[in-house]
Amino acid sequence: MKQILTGSQILLESLIAEGVETVFGYPGGQIMPVYDALYDYQDRLRHILVRHEQGAVHAAQGYAREKGVPGVCMVTSGPGATNVVTGIVDAMMDSTPLVVIAGQVGNAMLGTDAFQEADFLGITLPVTKWSCQCKSAEEVSKTIARAFFIANTGRPGPVVVVLTRDAQVGKAEYSHEKIEEISTYNPVPVASDEEIAEAAKMIDEAKYPFVVYGHGILISHAEQELQEFLAKTNIPAGATMLGLSALPSDCPNYVGMLGMHGNIAPNALTQKCDLLISVGMRFDDRVTGKVSEYASQAKKIHIDIDPAEINKIINVDLGIVSDAKAALSKLIPLVNRKADNGWEADVKNCFDVESEKVIKPETEPGEGTLNMGEVVAKVAEVSGGRAVVVTDVGQNQMISARYSRFVESNSFVSSGGLGTMGFGIPAAIGAKVAVPERPVVLFLGDGGMQMTIEEFGVIMQERLGVKVVLLNNNWLGNVRQWQQLFWNERYSCTRMLNPDFNAIADAYGIRNAVVETREELDAAVRKMLADDEAWILNVHVTEMGMVYPMIPPGKSVDEIMLNNDEWFGNGK
């Protein structure tokens, strides 16, 4: 017997058919038919009511990054829809699969500037993998199937589905078929045997090869293949920020994080190697520094699933358009070399300098106000490196990336390419919903915290055991650092008068504590992590704290500031 359903019911049935378990959203006038239908689906589909649409899209991002499936958020038209645009752009830059569903006015009112009408389709076309508008119930199921296939294949990304009111209230026969292919879309390019053989030959002939890898390793689930490749060849490897946790922190071939605030060793090796092998990363400017001087002495292999990234920023000798896991799987049996070129000694020399000039002063100061780094290091120590670390954006992000430790893969969630302040709280919510069995620790600053502080209401209502570590320094710290170093200490609009964060935590019923001294830190962190409930740890850190090392803008990646007075290598 044919099943005749409204477009709203078809939407919800289609989501369930695509394996969706959780939707983050906020109701409003032009999505009301869907929310009315949702009333009868509460036992089959979990809806989490955020407090602002920006919270919905960032929570969906955190969920997608941890669950490995498209995150879904649902909003109304006009301002509800436009409030998620930042998160859509963020997801596009960080290759995060999303399906964003937005209501829209009725067909007859399109283009009339009706109440809460905005051309959301037109707004999002430039910043999504695909955007589509449904005007009838008959279109809904097929569009949802297409949306999920596009969002989660190839290089993942956000997809937008706009449903006019007619599409929601109209009726149609329901049937849902998952899409396995689209004739005009090839999401999984396959590297040729000749390309792989050429890469293996270049690797075997290199005297000082170096691997740089990124988020693509995690997306393609190539962690094991990367470890096998490095173990067989004994090549050192460095991670981009979004590549963190793809290798465990104690992996013998892992030499640290690349980029502006990364470790000295991987940046120095970039400038010394004779072959740079990049896998699943896109040569972001925060990684390359001055492009004209980036690894200019080296031949380069670039493996990436997106052909648009090959030769976009860095010209390479061999570009391989392929899924990272597939490419590494083909490379492993072909490579024969076992590097023995003294890279371990080079890394040790770099680490010794960094340890003496940067790490120990930041994590073992002995006296004075707490440093950001020692707080992060303490959380890493007590958690055993097993927490999912989520960050906001700013100094808190860079410090967390530098001093967190990772035992398990897929343990670092942050806004990379767009650098979105306010990302942290909702992303941590999404991550905790995705992996409730894992501890989720959010590091954020007092600036970013206040951008989406309303989402503590979700933590309260859903009883989510997110651990929030506030690195509170009364400044917009990252901007203040740049003002100090590059703008003649003209601190324009970066000093903050903050509220009583613990009183706010009390108002939301979230357990909390203030940490003002070094003597309080260990016990407070242990108490927080031992508790299953949500926590906010308000840690007062030094107000003028800096994140070092730092490669200043316009410098090459071996021109590295160690502190306010000293440089490494070619820096001056």
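A heavy-atom distance below 4.5 Å is not found between the side chains of Thr240 and Val212. The shortest distance between side-chain heavy atoms of Ser278 and Ile303 does not fall below 4.5 Å. Within the 4.5 Å cutoff, no side-chain heavy atoms of Val169 are placed close to those of Thr6. Put simply, the side chain of Val321 does not reach to within 4.5 Å of the side chain of Val190, judged on heavy atoms. Put simply, the side chain of Arg480 reaches to within 4.5 Å of the side chain of Gln395, judged on heavy atoms. Asn472 has its side chain within reach of Asn498: a pair of non-hydrogen atoms, C-beta onward, lies under 4.5 Å apart. Residues Leu442 and Thr391 are not in side-chain contact: their nearest non-hydrogen atoms beyond the backbone lie 4.5 Å or more apart. Looking at Tyr41 and Glu13, their side chains come closer than 4.5 Å, going by heavy atoms from C-beta outward.
Each of His52, His58, Arg51 was compared with Gln54 under the side chain to side chain donor-acceptor pair (under 3.5 Å) criterion, and only His58 meets it. Looking at Lys135, Glu117, Arg165 one by one, the single match for side-chain contact (heavy atoms from CB on, under 4.5 Å) with Gln104 turns out to be Glu117. When Val388, Ile459, Val458 are each tested for a side-chain contact (heavy atoms from CB on, under 4.5 Å) with Val466, only one passes: Ile459. Of the options Val160, Leu163, Leu110, a side-chain contact (heavy atoms from CB on, under 4.5 Å) to Gln133 is made by Leu110 and by none of the others.
Every residue meeting the side-chain hydrogen bond (donor to acceptor under 3.5 Å, both in side chains) condition with Arg46, not counting sequence neighbours, appears here in chain and number order: Glu462. Shown here are the side-chain hydrogen bond (donor to acceptor under 3.5 Å, both in side chains) partners of Thr96, two or more places apart in sequence or in another chain: there are none. By the side-chain hydrogen bond (donor to acceptor under 3.5 Å, both in side chains) test, Thr76 is found to be paired with no residue, residues two or more places apart in sequence or in another chain being considered. For Lys129, the side-chain contact (heavy atoms from CB on, under 4.5 Å) partners at least two apart in sequence or on another chain are Met92, Ile150, Val159, Tyr185.
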Exercise. Determine, stepwise, if the pair Arg438 / Glu408 fulfils salt bridge (charged side-chain N to carboxylate O under 4.0 Å, His left out).
Key: CA-CA 11 Å; Arg438 293 193 65 186; Glu408 298 180 43; 3.7 Å; yes
Exercise. Go through Arg282 and Asp304 one step at a time and tell me if the salt bridge (charged side-chain N to carboxylate O under 4.0 Å, His left out) criterion holds.
Key: CA-CA 8 Å; Arg282 59 182 181 85; Asp304 199 282; over 6 Å; no
Quiz item: Is there a side chain to side chain contact (heavy atoms under 4.5 Å, CB included) between Leu45 and Ile16 once you walk through the steps?
Solution: CA-CA 7 Å; Leu45 200 57; Ile16 292 168; 4.2 Å; yes
Practice problem: List the steps, then state whether salt bridge (charged side-chain N to carboxylate O under 4.0 Å, His left out) holds for Glu533 with Arg463. | Solution: CA-CA 7 Å; Glu533 299 294 320; Arg463 298 187 62 83; 3.2 Å; yes
Quiz item: Run the side chain to side chain contact (heavy atoms under 4.5 Å, CB included) check on Met281 and Val279 step by step: do they pass?
Solution: CA-CA 6 Å; Met281 54 88 74; Val279 189; over 6 Å; no
Quiz item: Step by step, would you call Ile399 with Phe443 a side chain to side chain contact (heavy atoms under 4.5 Å, CB included)?
Solution: CA-CA 9 Å; Ile399 283 287; Phe443 292 99; over 6 Å; no
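Applying the side-chain hydrogen bond (donor to acceptor under 3.5 Å, both in side chains) test to pairs two or more places apart or on separate chains, those with a residue in residues 77-86 are Glu53-Asn83.
Note: Leu38 CG to Ser8 OG = 10.0 Å, rounded to the nearest 0.5 Å. Going from atom CD of Glu181 over to atom OG1 of Thr153 covers 11.5 Å, rounded to the nearest 0.5 Å. Separating the CD atom in Glu173 from the OG atom in Ser141 is a distance of 10.5 Å, to the nearest 0.5 Å. The CG atom of Asp446 sits 11.5 Å away from atom CE of Met451, with the distance rounded to the nearest 0.5 Å. In this structure, CG on Asn315 lies 10.0 Å from CZ on Phe283, to the nearest 0.5 angstrom.
Counting only distance, with no hydrogens or angles, the side chain of Asp94 and the backbone of Gly416 share a donor-acceptor pair below 3.5 Å. Judged by distance alone, the side chain of Thr112 and the main-chain N or O of Met109 form a donor-acceptor pair under 3.5 Å. At distances below 3.5 Å, not a single donor-acceptor pair connects side-chain atoms of Asp392 with backbone N or O atoms of Leu444. Side-chain atoms of Ser245 come within 3.5 Å of backbone atoms of Ser411 as a donor-acceptor pair (strictly under, hydrogens ignored). Judged purely by atom type and a 3.5 angstrom limit, Asp166 uses its side chain to pair as donor or acceptor with the backbone of Asn107. Judged by distance alone, the side chain of Gln397 and the main-chain N or O of Ser415 form a donor-acceptor pair under 3.5 Å. With hydrogens and angles ignored, the 3.5 Å screen pairs a side-chain donor or acceptor of Glu139 with a backbone N or O of Ser136. A distance-only check finds a donor-acceptor pair linking the side chain of Arg65 to the backbone of Ser414 [under 3.5 Å]. Panel note: side chain Thr164, backbone Val105; no donor-acceptor pair is recorded below 3.5 Å. Panel note: side chain Ser400, backbone Met398; no donor-acceptor pair is recorded below 3.5 Å.
Heavy-atom minimum distance, Ile504 versus Pro499: CD1-CG, 3.9 Å. Nearest heavy-atom pair across Val547 and Gln481 is N-OE1, 2.9 Å. Closest non-hydrogen pair, Val291 versus Thr288, comes out as CG2-OG1, 3.7 Å. Pairing each heavy atom of Phe456 with each of Ile536, the nearest pair is CZ-CD1, 3.7 Å. A pairwise comparison of heavy atoms in Ala387 and Val441 identifies CB-CG2, 3.9 Å as the closest pair. Summarising the geometry of Val57 relative to Gly87, their closest heavy-atom pair is CG1-CA, 3.6 Å, with the distance given to 0.1 Å.
Crowding of Lys171 atom NZ: a count of heavy atoms from other residues, nucleotides or ligands under 6.0 Å not exceeding 12. In this structure, Gln42 places its CD atom where more than 12 heavy-atom neighbours from other residues, nucleotides or ligands lie under 6.0 Å away. By the 6.0 Å contact criterion, CZ on Arg386 is open, its count of non-hydrogen atoms from other residues, nucleotides or ligands being 12 or less. Annotation: Tyr491, atom OH; neighbour count of heavy atoms from other residues, nucleotides and ligands within 6.0 Å is above 12.
For the residue pair Asp506/Asn512, the side-chain donor-acceptor check at 3.5 Å is satisfied.
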In residues 20-35, what donor-acceptor pairs under 3.5 Å come from side-chain atoms, sequence neighbours left out?
residue: Tyr35; atom: OH; partner: Tyr26; partner atom: N; Å: 3.0
residue: Tyr35; atom: OH; partner: His47; partner atom: NE2; Å: 2.8

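Classified by interplanar angle (parallel below 30°, tilted 30° to 60°, perpendicular above 60°), the ring pair Trp482/Phe486 is perpendicular.
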